[in-house]
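Inspection log for the structure reproduced underneath, given as structure tokens.
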Amino acid sequence: MKLRLIRRDSASRLAMFTAPVLALVLTCVASLVLFSALGKDAGAALHALLLKPFLSWYSFSEVLLKMAPLLLIAQGLAIGFRANVFNIGAEGQFIVGALCASALPVYFPDGNFPMMLPAMIAFGALGGTVYALIAAALRTRFGASEILVTLMMALIAVQILNYLLLGPWKDPRGFNFPQTVMFPDNAMLPILFDGTRTNISLIFSLLASVFAYLMMQHHFRGYQLRTAGLAPRAALYAGFSAPRMVWLGLGLGGLAAGIAGASEVAGPLGQLQRSVTSGYGYAAIIVAYVGGLNPLGIIASSFLISVIYIGGDSATVSAGLPVAAVEVFQGLLLFFYLLTFTLIRFRIEIDRKVTA
Amino acid sequence: MSGLEFLLAGTLAAALPLLLAALGEMVVEKTGLLNLGLEGMMAIGAAIAFICVYHTGSHLLGFVAAALISTLVALLFAVLVIGVKANEVAAGLAIGVLGLGLSALFGKSYESLTIKGLPKIDIPGLSDIPLLGQTVFTQDIVVWLSIVGTVALWWVLNRTKLGLIIAAVGENADAARSIGYPVVLIRLSAVSFGGAMCGLAGAYASTVYTPLWADGMIAGRGWIALALVVFGTWQTGRVAFGALLFGILSLGELTAQAMGVGLPSQVLSSLPYLVTILMLVVISRRRSDLI
């Protein structure tokens, strides 16, 4: 007798909802066990991680602030992932987007540049896109794996950032800290709600979600991308250009990450500094998967991951947990999601060999 | 110690964590899988090894514990990828993030504590050679054992039936299965081996190379090891050579000063990634020419 996993012809709508909820429950249980084993107050930890962010308007607005880049990057990445184009270097495209956007305020610190903010966003978008398209060119021209190329490019981007911050772009009056000058007011994104740091990049992210939804679910291009992912051969026979899917998948991922990077320096940071490499690019991959690579699901998952980020900050105080608890939670969540999702997508069949 | 002596003495030790992790990942990739979680598996190994050595004083126990915990994390990857056929990129990232997080969680109360490293062992005869003797040929026992282990791994992969089976599983899993090779078992063993090697690599980094615990001490070595596998084109000897080369580069700024190079250290730090991209381009083009 053997157990076999048989793929269902279509994932039921129920499964799409059950998997992430089940994954969240399992993650909570696993973290409870883990935190207790470490002698922490596990109840307080979970309370801080999942509930605290909702208990004050300010911390909730911080959730929305975190959500903006995660949502934007994840929407861009998911388009590629659904076409089996694995851009895992969004972190690099995010950094390059931030770098390109910062060039303007660094060279025009008085802000006397026409249309400063829109130009910065455009620079960031362009930078992120071009940086991602290098991987597309190497993949389509030479067949080099975009997984490894985008990853390597992300690591190189960190070095470029370090070089600029320690060298030519270092604020001369910044007490030798690796950071640029503070940006002028006209290089900053408008705040969305008074008294908070939430800025209009959240609107970019929601618009990108609408765009992703319309494109993936209702446009022929989205159909082509999905087919390329689900049935590469069928896509080939149908005459959908595979290289075009690679260019599109990587390009949109880079575009989203680049805009997110620009918004980060023009938003909460207000300057280019090392902490721009905060791992949003990697966390967005988790967001994209836990959201089922679905534009609507990603809105929910980016919200959840943001709650955990902000909750993690308060857990350091109230439950004595290190910030790394957030990483543990994210890792567990993706692990359990992949586990439950696939189990739901497959049914288990028992082979009974008939012996003659 | 002059710059050159520093380089000669330090390269092998700097190369070692890269070498061990890369050899493990190489075997994983030879069976047709890709585990991106190296950084996390190294980090959790490093944390557990440090904690173990701190309390017991035994490096042997530290290395064993590190190998075990990282194997355990690697098995989570196996559950996802081999067990329920989840996407391997996502699965690798999941355990990578988990490993990094767990290392910081467990290591929290050991932050900036130090332990004793391992004594250097002279090789009689070789250690008397001027310049090289007291630098290249004076290393701790892990370095010597790893050199032996690397040769042994080369032998297994290139001169034994097991090596052929691993290659067969990687090149065509269906064909391998149809002639009766235990594909799942081979892959499971390879993933476990990859995990154990990452654990050992992390243990060396935290208990021998720099015997202190600091969060984030693996500092990208896992990604360099991943690059190294490609750089070495999945061949033991080339991976070992690449480890030395990347080891020198990882000495970064110090190396630049020793060589009197005026380049910013970031250029040197980027070199492993740049040459890996170049290598990917070259080997992928050659492979697609064949088809």
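Values in this document were obtained by computation on a predicted structure and should not be read as measured data. We name chains A, B, ... by the order of the sequence lines, and we start the count at 1 in each one.
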Exercise for the section: Let me know if A:L333 has heavy atoms under 4.5 Å from chain B in its side chain, its backbone, both or neither. Expected result: neither
Completion exercise
Under 4.5 Å to a heavy atom of chain B? For A:I88 that would be side chain
Problem - Which atoms of A:I285 approach chain B - backbone, side chain, both or neither, heavy atom under 4.5 Å - result: side chain
Completion exercise
Sorted by chain and number, sequence neighbours left out, side chain to side chain donor-acceptor pair (under 3.5 Å) with A:N162 holds for A:R274
Problem - Heavy-atom side-chain proximity of B:L105 to A:L34 below 4.5 angstrom - result: yes
Practice task
Let me know if A:Y337 has heavy atoms under 4.5 Å from chain B in its side chain, its backbone, both or neither.
Solution key: neither
Exercise for the section: Find the distance between OG (B:S284) and CG (A:L138) and round it off to the nearest 0.5 Å. Expected result: 9.0 Å
Practice task
To the nearest 0.5 Å, tell me how far A:Q159 CD sits from B:L271 CG.
Solution key: 10.0 Å
Handout entry: Heavy-atom side-chain proximity of B:V97 to A:Y282 below 4.5 angstrom
Key = no
Practice task
Determine whether A:Y289 and B:L93 make a side-chain contact, defined as any pair of heavy atoms from C-beta on separated by less than 4.5 Å.
Solution key: no
Problem - Flag side-chain contact, heavy atom, 4.5 Å: A:L338 against B:V84 - result: no
Practice task
Indicate yes or no: at least one non-hydrogen side-chain atom of B:L98 is less than 4.5 angstrom from one of A:L334.
Solution key: no
Handout entry: Residue A:L321 versus chain B: region with a heavy atom under 4.5 Å
Key = side chain
Completion exercise
d(B:L80 CG, A:F335 CZ) to nearest 0.5 Å is 4.5 Å
Completion exercise
Heavy-atom closest pair (B:A104 atom, A:P322 atom, distance to 0.1 Å) is O-CG, 4.3 Å
Problem - Residues in residues 28-38 of chain B near chain A [non-hydrogen atoms, under 4.5 Å] - result: B:L34, B:L36
Handout entry: Greatest number of heavy atom pairs closer than 4.5 Å to chain B - which of A:A288, A:A144, A:A325
Key = A:A144
Problem - More than 12 heavy atoms from other groups under 6.0 Å of NZ on B:K108 - result: no
Practice task
Report the distance from atom CG of B:L278 to atom CZ of A:F142, rounding to the nearest 0.5 Å.
Solution key: 9.5 Å
Exercise for the section: Tell me the residues of residues 146-156 of chain A whose non-hydrogen atoms fall below 4.5 Å from those of chain B, in number order. Expected result: A:I147, A:L148, A:V149, A:L151, A:M152, A:M153, A:L155, A:I156
Pairs of donor and acceptor atoms involving the side chains of residues 213-224 of chain B, under 3.5 Å and at least two apart or interchain, shall be tabulated with distances.
residue	atom	partner	partner atom	Å
B:W213	NE1	B:G107	O	3.4
B:R221	NH1	B:M217	O	3.2

Problem - Contact class of B:V267 relative to chain A, heavy atoms under 4.5 angstrom - result: neither
Practice task
List the steps and the verdict of side-chain contact (heavy atoms from CB on, under 4.5 Å) for B:N87 and A:F86.
Solution key: CA-CA 11 Å; B:N87 179 286; A:F86 293 105; 3.1 Å; yes
Handout entry: Heavy-atom side-chain proximity of B:F106 to A:L38 below 4.5 angstrom
Key = yes
